[in-house]
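We name chains A, B, ... by the order of the sequence lines, and we start the count at 1 in each one.
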Amino acid sequence: MQMCVPVRKPGWVSPRKLLEQKLTHLHKCANILHIKQLHAQIIRANLHLDPFVAPKLIAAFSLCRQIALAVNVFDQIPEPNVHVFNAMIRAHTQNSQGPQAFAAFFNMQSNGVSPDNYTYSFLLKACSGKAWLSVVQMVHTHIEKCGFCSDIFVPNALIDSYSKCGPVGVFAAKKLFLAMGVRDVVSWNSMVGGLVKVGELGEARQLFDEMPERDLVTWNTMLDGYVKAGQMSEAFEFFQRMPERNVVSWSTIVSGYSRAGDMDMARILFDKMPVKNLVTWTIIVSGYAAKGIANEANSLYDQMEDAGLKFDDGTIISVLAACAESGLLGLGEKVHASMDRIRYRCCTPVSNALVDMYAKCGSLDKAYKVFNGIGNKDLVSWNAMIHGLAIHGHGEKALWLFGRMKKESFSPDAVTFVGILCGCAHAGFVKEGLYYFHSMERDYGVVPQVEHYGCVVDLLGRGGRLEEAFRLVNSMPVEPNPVIWSTLLGACRVHNAVDLAAEVLDHLAKLESSDPGNFSMLSNIYAAAGDWESVATMRVRMRSTGIQKASGASSIEVNDEVHEFKVFHKSHPQSDKIYQTIGKLNQDLKRVEYVPIGH
DNA sequence: GTAGGGTTAG
């Protein structure tokens with residue numbers, strides 16, 4: 001007799017079971033090739049419409065920043081359930097597509113699918129920034145109507161979202177926090193975080209002291225509060241008192257010293273920390289780069305790459321911004337080259353950072369090349385390019401680009417007009433500048449801020465229209481800040497307006513008594529006018545108030561080496577040659593009858 | 001689910 005029972009080895013698993021096992025952790029998989037392989041198997045097994053598999057697939061594609069593929073999976077599902085919608089909302093949120101997350105939410109409602117507590121936590125994550133306040137309020141109302149506040153995740157997410165919406169949001173968060181019947185450590189942490197974000201350090205500390213229990217997140221949040229407030233001695237004391245520390249604690253303290261410009265202390269702690277990750281490396285490289293310490297920034301960047309760390313958007317943006325700040329073109333180019341080498345997929349903010357870096361470092365051609373290559377330009381892209389042209393005196397090109405921007409249906413904002421006005425000021429377009437200044441509110445609804453007044457004061461001042469500039473400063477609806485007065489003082493210097501300069505300095509002295517630059521500027525104005533008695537008086541006044549002017553220096557980086565220059569200094573090895581060239585330039589300028597404005 | 005680096009403004 002023959003046996004008809006199939007013979008299978010012990011431990012045999014059917015192909016379908018095997019696939020199901022592989023799919024258990026699919027939503028955490030970050031390897032796109034692996035996901036694509038599994039995707040093919042899923043389709044063959046006809047599992048792609050399965051309500052348990054589809055959300056995982058969406059999550060996996062989202063994790064790899066393949067949002068289009070995630071949407072594709074979603075679109076094939078005829079009747080998505082709440083889990084599928086939730087996965088899609090989360091995918092958009094993770095990929096910084098707030099508006100699309102809300103579109104999915106509305107889509108869900110019009111399909112008659114009821115949201116659950118997860119829906120709201122995912123949706124709330126998409127709202128951060130002042131502009132989202134009213135949206136958070138709207139979601140809050142929804143939640144109260146549905147009664148989801150009984151799940152602590154939901155009010156916690158609300159507190160967190162409110163906290164990211166500026167002071168008004170934090171106020172709403174406080175109200176909610178106080179009304180909560182049950183709070184866990186996350187509720188407290190989110191509230192402390194909110195207070196820290198708006199600079200309410202005292203109140204944050206009070207809450208910290210009142211907390212029934214604290215975890216590492218609590219300590220790190222409070223530490224970040226001291227760091228962001230620039231209170232480094234308090235921060236360090238707090239850091240030392242911490243019951244335990246992790247890589248976040250260490251990174252926070254290193255970032256604090258780095259922001260404060262104390263790279264020695266930042267480096268000591270960086271070298272000492274037991275575990276470093278990508279964020280830590282980003283902080284230290286950006287810190288050195290922002291200070292223009294090219295050799296350290298470069299060598300640490302190389303070490304980071306050698307350590308096998310793969311940079312992300314945060315690293316690139318942070319390092320490029322630091323290069324832009326100090327003019328480290330060499331490192332900026334190196335970062336760009338690394339990106340090209342691995343064919344890094346640039347999102348718009350990363351491209352914008354590149355444009356800004358090249359523009360600020362004076363490589364306008366390269367900035368423009370990157371700018372033109374941005375497929376999805378946003379307002380920041382246009383603003384960065386316009387401003388880049390503006391600061392280098394290409395007023396005409398800046399205005400031309402402004403025209404092109406409007407043709408492509410972008411509405412200018414306050415930052416755009418800073419660029420436009422700055423471009424006009426630097427190019428000497430007084431009439432055009434005034435025209436745009438008057439048109440910004442009238443035609444574009446952009447209310448001039450102190451920065452815009454600053455540009456116009458600069459514009460009028462450079463054009464020699466000092467009285468008008470002075471009248472504007474006295475009549476402007478916003479309080480003039482030291483920057484405005486300094487700008488005016490600079491214009492007085494160019495035009496040798498001695499009396500006005502003295503008056504301006506009085507205003508400045510009331511606002512900031514300690515900036516030595518202003519005093520030495522007035523003293524230079526007196527000197528230029530030959531009023532040596534006043535120069536002497538100024539010097540006495542400066543000495544008696546303990547004011548000392550550190551001499552200003554400018555620097556340029558050539559072949560990984562930073563060359564520093566100070567006025568009248570001859571410390572550079574090629575000093576003679578440099579002064580010879582300057583002399584020749586001056587002669588050339590005279591030959592073409594170039595007259596600096598105001599002379 | 002809460003914590004560290006992140007594009008445009010003199």
Peer 1: Return yes when atom NZ of A:K276 has more than 12 non-hydrogen atoms of other residues, nucleotides or ligands closer than 6.0 Å, and no otherwise.
Peer 2: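 Yes, because the 6.0 Å sphere around NZ of A:K276 holds more than 12 heavy atoms from other groups.
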Peer 1: Are A:W219 and A:F208, when compared by the centres of their aromatic rings, separated by less than 6.0 Å?
Peer 2: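 Centroid distance A:W219-A:F208: below 6.0 Å, so yes.
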Peer 1: Have a look at A:D413 and say if it touches a base, only the backbone sugar-phosphate, or nothing, with a 4.0 Å heavy-atom cut-off.
Peer 2: nothing
Peer 1: Give one of base, sugar-phosphate or nothing for A:T252, where a contact means two heavy atoms less than 4.0 Å apart.
Peer 2: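 Contact class for A:T252: sugar-phosphate only.
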Peer 1: For A:W382, which residues count as a ring-ring contact (aromatic ring centres under 6.0 Å, His included) partner, sequence neighbours excluded?
Peer 2: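 Checked A:W382 against ring-ring contact (aromatic ring centres under 6.0 Å, His included); matches are A:F371, A:F410.
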Peer 1: With a non-hydrogen cut-off below 4.0 angstrom, is A:D356 in contact with a base, only sugar-phosphate, or nothing?
Peer 2: sugar-phosphate
Peer 1: Under 4.0 Å, counting only non-hydrogen atoms across every strand here, what does A:S121 touch: a base, just sugar-phosphate, or nothing?
Peer 2: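 No contact.
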Peer 1: Counting any heavy atom closer than 4.0 Å, what does A:K360 reach on the DNA or RNA strands: base, sugar-phosphate only, or nothing?
Peer 2: sugar-phosphate
Peer 1: Remember a base hit wins even if backbone is also touched, and classify A:S318 as base, sugar-phosphate or nothing at under 4.0 Å, heavy atoms.
Peer 2: sugar-phosphate
Peer 1: 5' to 3' on DNA chain B, which nucleotides open and close the contacts with chain A (atom under 4.0 Å from a heavy atom)?
Peer 2: B:dG1 to B:dG10
Peer 1: Give the C-alpha distance, both sets of side-chain angles, the deciding distance and a yes or no for side chain to side chain contact (heavy atoms under 4.5 Å, CB included) between A:F177 and A:V170.
Peer 2: CA-CA 10 Å; A:F177 177 77; A:V170 172; over 6 Å; no
Peer 1: How is A:R259 classified with respect to the nucleic acid when contacts are heavy atoms under 4.0 Å: base, sugar-phosphate, or nothing?
Peer 2: sugar-phosphate
Peer 1: With a non-hydrogen cut-off below 4.0 angstrom, is A:N156 in contact with a base, only sugar-phosphate, or nothing?
Peer 2: base
Peer 1: Please check: side-chain N/O of A:H452 versus main-chain N/O of A:Q449, any donor-acceptor pairing under 3.5 Å?
Peer 2: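 Indeed, once roles are kept as given, a pair shorter than 3.5 Å links the two residues.
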Peer 1: Have a look at A:V355 and say if it touches a base, only the backbone sugar-phosphate, or nothing, with a 4.0 Å heavy-atom cut-off.
Peer 2: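 No contact.
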Peer 1: Checking side chain to side chain donor-acceptor pair (under 3.5 Å) between A:Y358 and each of A:H336, A:K369, A:K366, which is the one that passes?
Peer 2: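 With A:Y358 as partner, side chain to side chain donor-acceptor pair (under 3.5 Å) holds for just one option, A:H336.
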Peer 1: For A:K377, answer base if it contacts any base atom (sugar-phosphate contacts may also be present), sugar-phosphate if it contacts only those atoms, and nothing otherwise; contact means non-hydrogen atoms under 4.0 Å.
Peer 2: nothing
Peer 1: Using a cut-off of 4.0 Å on non-hydrogen atoms, how would the nucleic acid contact of A:D378 be classed: base, sugar-phosphate, or nothing?
Peer 2: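 A:D378: no heavy atom of the nucleic acid under 4.0 Å.
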Peer 1: Can the ring centres of A:F85 and A:F105 be said to be less than 6.0 Å apart?
Peer 2: no
Peer 1: What contact category does A:N246 fall into here, base, sugar-phosphate, or nothing, at under 4.0 angstrom with non-hydrogen atoms?
Peer 2: base
Peer 1: Please round to the nearest 0.5 Å and tell me the distance separating atom CD1 of A:I293 and atom CG of A:N298.
Peer 2: 12.0 Å
Peer 1: Parallel, tilted or perpendicular: which fits the ring planes of A:Y120 and A:H142, with parallel below 30° and perpendicular above 60°?
Peer 2: tilted
Peer 1: Contacts to DNA chain B from residues 88-95 of chain A, heavy-atom cutoff under 4.0 Å, which residues?
Peer 2: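 Of all residues in residues 88-95 of chain A, the ones placing a heavy atom under 4.0 Å from DNA chain B are A:R90.
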Peer 1: Just to be sure I understand the rule, does A:T280 reach a base, reach only the sugar-phosphate, or reach nothing, if contact means heavy atoms closer than 4.0 Å?
Peer 2: base
